[in-house]
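As C-alpha cells, the structure follows; a few thoughts come after it.
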Amino acid sequence: PFTYLNVMDKDGLSRLVVEHGITRIIHNASILSAVGEQNPQRGIELNTTAIENVLEVARMYNLRVLAPSSIAAFGPSSPKENTPDITIMRPTTVYGITKVYGELLGDYYHQKYGVDYRSLRYPGIISAAMPGGGTTDWAIHIFYEALKHGKYECFLSEYTALPMMHLRDCINATVSLLNADNADLKQRTYNVSAFSLRPNDLAAAIRTHIPSFEVTYKPDFRQQIADSWPSSIDDLNARRDWGWQEEYDMASLTEDMLREVEEYLKSH
Ligand code: SER
C-alpha cells in the first residue's frame with residue numbers, strides 16, 4: 001500500500017500506524033543543507049517537528065524507528081579526518097543542528113521510554129535520482145552534465161573531499177541496521193561511509209570513460225558548508241557491530257552511474 005502523509009501531521013501519522021498495523025518507521029523526510037541555509041526557519045520547523053512526531057508515535061505504539069542523521073551533524077571544530085562516532089559536534093548549518101537534535105532526542109526516547117531508535121550518519125548518497133538541495137549534489141550533477149554536455153561547472157573546489165556512498169550501499173546499510181539485533185548495538189547512532197570523494201578524483205574517473213570531459217570550478221555558498229564537514233569519517237563501529245560493508249568503490253560507482261544516467265536520459 002502507498003499513501004501520502006504530511007510529516008508535520010502527528011495525528012495523521014498515528015492513524016496510519018494504527019490502520020496499517022505498522023511496526024517500523026524509516027523517517028527520511030528532511031530539508032537538506034543547501035536549501036536549509038536558504039530558508040532556515042522552514043528547515044528548523046520541518047526538521048525538528050517531523051522527528052518529534054515520529055518519536056512520539058513510536059513511544060505510543062512501541063515502534064522501531066530508523067531516522068538517518070548525516071555527516072552534516074559534525075562541524076568545523078570536529079576532527080576533519082577519520083571523524084569518530086563520539087566527538088565534538090557543533091555544526092554550523094540548520095540542517096546539521098537539527099540532525100544533532102534528532103540524534104539526541106532519539107537517545108532520550110530510547111533511555112527514557114525504551115523506544116527502539118536507530119540512526120546512521122549518512123555521507124553524500126549518489127544515485128541517478130535527482131537530489132534535493134544538498135551540498136553533495138555535485139557528485140550526481142557531474143554525471144548528468146558529463147553525458148549531456150561533456151562539461152561541468154562544479155560548485156565546490158576541486159580538492160574538497162567529502163564522504164560518499166552509492167545508493168544501493170545506503171539501502172543495504174539502512175536495512176542491516178534496521179534488522180540488527182539490539183544486543184549487537186553498542187550505540188544508537190553510527191557513522192557509515194564507503195569512500196571519500198573530491199570533484200577532481202571523480203572527474204578523472206569519468207574521464208576514463210569520456211576522455212574529453214571537462215570540469216571547471218566555481219565555488220559558491222555551498223563551499224563553506226562543505227568546509228565545515230569531515231573529509232572522511234571512521235565507521236569501524238558499524239563494521240564491527242552489525243557488519244556494515246560497502247559494495248561500490250569509486251570506479252564501480254562511476255561505471256554504474258554512467259550506465260544508469262544514460263538510461264535515464266534516453267527514456268526522458
Ligand atoms: N547530502 C546531504 C547534504 O548535502 C548531507 O547529508 O545536505
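Atoms within a ligand are numbered from 1 in the order they appear, just like the ligands themselves. What you see is a predicted model, and the numbers here were worked out from it, not measured in a lab.
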N/O donor-acceptor pair under 3.5 Å between Y108 side chain and Y113 backbone: no
E37 side chain near V94 side chain, heavy-atom distance below 4.5 Å: yes
Nearest neighbour in protein (non-hydrogen) for atom 5 (C) of ligand 1: S70 OG, 3.4 Å
Min N/O separation T136 to ligand 1 under 3.5 Å: yes
Any donor-acceptor N or O pair under 3.5 Å, side chains R168, Y248: yes
Any side-chain donor near an acceptor of the partner, D11 and S14, under 3.5 Å: no
Mode of W229 contact toward ligand 1 - side chain, backbone, both, neither (heavy atoms, under 4.0 Å): side chain
Proximity to ligand 1 by part of S33, non-hydrogen separation under 4.0 Å: both
Between S33 and T135, a side-chain donor and acceptor under 3.5 Å: yes
Those atoms of ligand 1 less than 4.0 Å from some heavy atom in L32: 7 (O)
Enumerated ligand 1 atoms positioned under 4.0 Å from heavy atoms of T135: 3 (C), 4 (O), 7 (O)
